[in-house]
Peer 1: 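The structure that follows is given in the form of structure tokens.
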Number of protein chains: 2
Amino acid sequence: MNKKAPIPLDIASNRADETYLRLKDELFNFYLLPGDYFSENEIAARMEVSRTPVREALFRLQREGYVRVMPRVGWQVRPLDFDKFDQLYEIRILLEESSLQRLVRKENISNIKMLMTTWCCLPDERESDAKAVWLQDEQFHAGLVEAGGNAEMSRIHQDVMERLRIIRRLDFTKAQRVNATYEEHAAILEQIQRGRISEAQRLLRSHIEASRLEVHKITLSMLYEARLEKNRAY
Amino acid sequence: MNKKAPIPLDIASNRADETYLRLKDELFNFYLLPGDYFSENEIAARMEVSRTPVREALFRLQREGYVRVMPRVGWQVRPLDFDKFDQLYEIRILLEESSLQRLVRKENISNIKMLMTTWCCLPDERESDAKAVWLQDEQFHAGLVEAGGNAEMSRIHQDVMERLRIIRRLDFTKAQRVNATYEEHAAILEQIQRGRISEAQRLLRSHIEASRLEVHKITLSMLYEARLEKNRAY
DNA sequence: TGATGAGCTCTTGTATACCAGACGGAGCAC
DNA sequence: GTGCTCCGTCTGGTATACAAGAGCTCATCA
């Protein structure tokens with residue numbers, strides 16, 4: 001745990017934010033492995049900042065469920081809990097389905113039309129880069145909730161998606177998954193535009209469920225490889 | 001903003017927690033009024049602790065939506081936003097209704113029976129103290145969600161309830177409201193036990209809506225009085 | 001040999017010193 | 001009188017010093 005500090009990333013107005021982003025990056029890339037123990041001083045030294053911004057970043061990550069502090073003992077990366085992820089997926093479905101329900105009342109479908117320009121396109125116009133697809137996918141699901149018009153629900157949905165990010169970002173690494181996503185998103189949007197909300201909800205639910213199962217598998221294999229990698233280093 | 005420090009409260013293992021609880025108490029009692037500006041040094045001096053635990057407490061309150069920081073300028077108590085509260089109420093209803101749905105599948109009704117011992121009682125056995133009723137009411141709604149068996153949903157529900165606490169705690173100050181609560185809770189539980197979930201959901205929704213409207217009214221008048229009080233002090 | 005306790009070293013928790021930036025007011029130019 | 005500029009004095013952001021508890025090591029003693 002005493003290698004050189006990795007790259008900074010994203011825009012950050014202060015060191016606390018920067019440290020937060022860098023730590024999260026390390027968590028997501030399994031440089032910090034679930035179950036690992038570490039101290040504030042270690043992080044501070046590696047990131048070349050003082051403990052103050054490190055503590056602020058860690059408290060944020062603790063709230064988001066990634067790490068936990070044991071008073072006067074140290075910090076631990078929380079182990080991945082797939083039961084928890086399943087529960088979060090259920091909430092996701094609930095929020096997105098409910099937003100579709102609200103949609104038909106408010107006829108707030110300008111968002112929907114914008115989403116269609118991204119997803120209802122010819123196969124050879126599709127994005128193929130995994131990260132780009134992932135970002136568009138995030139926008140799709142966030143867009144559905146936003147179209148529901150409840151800002152607090154959007155906030156909570158974003159929070160849930162954030163907690164799922166560590167495993168969800170592994171989706172879209174296979175071309176087959178990318179194509180399936182395009183087709184399923186297009187089908188959902190089409191049903192919405194036709195006003196067939198129940199059918200859209202049904203499709204949405206099975207779309208999310210399929211993604212959940214896929215991501216579960218990929219995560220386990222990635223984690224296994226990361227552990228191998230780390231062991232090789234010693 | 002330079003009066004003597006008020007009472008400490010609740011159990012707190014460290015000064016950051018204690019400061020957090022005391023600040024929240026001041027927010028809830030409108031000692032810190034929505035819209036007020038203040039600095040970390042002011043709070044630190046009043047609470048007789050250093051800025052470190054004050055900052056930690058303020059960041060927690062910021063996450064919860066009560067205050068906000070303007071970098072290198074100062075802190076502000078966020079004004080009450082009733083649109084936001086309405087949105088949170090909608091989410092509450094969604095979560096609690098959805099938990100009832102799950103209840104019938106899992107047949108996890110041991111929680112429900114426990115709730116019935118509190119709420120399905122004779123009128124002269126009812127609690128009348130406002131704070132006690134409020135606590136029981138919190139347990140009732142949290143209990144419904146917990147019975148759904150999704151721990152993450154419980155966490156989010158608790159978070160939503162926490163954000164509503166500043167206005168919800170003002171309910172139950174009228175005997176009439178307490179009686180209505182008892183009757184409505186009992187009716188909901190009865191429908192659940194009979195397995196009539198849809199009817200229970202309908203009752204639950206209108207129960208929460210009624211409470212929302214009541215609380216809205218009470219909050220506005222309390223806020224008005226708090227402002228008068230504060231002006232008299234100068 | 002095993003239990004025990006002193007003490008050392010690590011941790012987080014807290015206080016404090018210092019920094020850069022924002023803001024407001026005094027004073028000057030017009 | 002009006003507007004501009006400079007400077008002092010606030011602010012939160014950060015680094016660092018210090019306090020106190022947890023846990024481990026190792027020596028000591030039964």
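Lettering follows sequence order; numbering is per chain, from 1.
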Peer 1: D/dT14 C1' sits how many Å from A/Arg55 CZ, rounded?
Peer 2: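 Distance check: A/Arg55 CZ to D/dT14 C1' gives 14 Å.
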
Peer 1: So which nucleotide from C/dG13, D/dG12, C/dA15 ends up closest to the side chain of B/Val69?
Peer 2: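 Ranking C/dG13, D/dG12, C/dA15 by closest atom to the B/Val69 side chain puts D/dG12 first.
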
Peer 1: Give the nucleotide from the list D/dG23, C/dT16, C/dA22 with an atom nearest to the side chain of A/Val73.
Peer 2: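 Closest of the options to the side chain of A/Val73: D/dG23.
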
Peer 1: Using only modelled atom types and a 3.5 angstrom limit, is any donor from either the side chain of A/Arg72 or the base of C/dT12 paired with an acceptor on the other?
Peer 2: yes

Peer 1: Scan B/Thr52 against the nucleic acid and name what it touches under 4.0 Å (heavy atoms): base, sugar-phosphate only, or nothing.
Peer 2: base

Peer 1: Can a salt bridge be assigned to the pair B/Asp159 and A/Arg63 using a cut-off of 4.0 Å between side-chain N and carboxylate O?
Peer 2: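 Salt bridge: no.
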
Peer 1: Is it true that a side-chain atom of B/Asp36 and a backbone atom of B/Val77 form a donor plus acceptor pair closer than 3.5 Å?
Peer 2: no

Peer 1: Side chain of A/Pro71 only, heavy atoms from C-beta on: which candidate in D/dG13, C/dG13, C/dT16 is closest?
Peer 2: C/dG13

Peer 1: Of the non-hydrogen atoms in B/Met153 and B/Ser99, which two are nearest, and what is the gap between them?
Peer 2: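 Distance-wise, the nearest heavy atoms are SD-OG, 3.8 Å.
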
Peer 1: Report the distance from atom CD of B/Glu56 to atom P of D/dG13, rounded to the nearest whole Å.
Peer 2: 14 Å

Peer 1: Measuring from the side chain of B/Phe59 (C-beta onward, heavy atoms only), which nucleotide among C/dT14, D/dG13, D/dT14 has the closest atom?
Peer 2: D/dG13

Peer 1: Does any N or O donor sit under 3.5 Å from an N or O acceptor when you compare the side chain of B/Arg51 with the base of C/dA15?
Peer 2: no

Peer 1: Just how far, in rounded Å, is P of C/dT12 from CZ of B/Arg15?
Peer 2: 19 Å

Peer 1: Whole-Å distance between D/dG13 C1' and B/Gln62 CD?
Peer 2: 14 Å

Peer 1: Round to the nearest Å and state the distance from A/Met70 atom CE to C/dT11 atom P.
Peer 2: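 About 12 Å, once rounded to whole Å.
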
Peer 1: From the set D/dA15, D/dT11, C/dA15, return the single nucleotide nearest to any side-chain atom of B/Asn41.
Peer 2: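 Among the listed nucleotides, the one closest to the side chain of B/Asn41 is D/dT11.
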
Peer 1: Could you state the atom-to-atom distance from CD of B/Glu48 to P of C/dT16 in whole Å?
Peer 2: 12 Å

Peer 1: Are A/Arg165 and A/Glu162 ion-paired here, with the side-chain N under 4.0 Å from a carboxylate O?
Peer 2: yes

Peer 1: What's the CG-P distance between B/Leu58 and C/dT14, to the nearest Å?
Peer 2: 15 Å

Peer 1: So, is A/Trp75 close to the C/dT12 phosphate, meaning a side-chain N or O under 4.0 Å from OP1 or OP2?
Peer 2: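 Answer yes for this pair, as a side-chain N or O of A/Trp75 is under 4.0 Å from OP1 or OP2.
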
Peer 1: Mind calculating the distance between CD (A/Glu40) and P (D/dA22) to the nearest angstrom?
Peer 2: 16 Å

Peer 1: Could you check whether atom CE of B/Met70 has more than 12 heavy atoms from other residues, nucleotides or ligands sitting under 6.0 Å from it?
Peer 2: yes

Peer 1: So, OP1 or OP2 of C/dT16: does either fall under 4.0 Å of a side-chain N or O from B/Ser50?
Peer 2: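 No, no such contact exists.
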
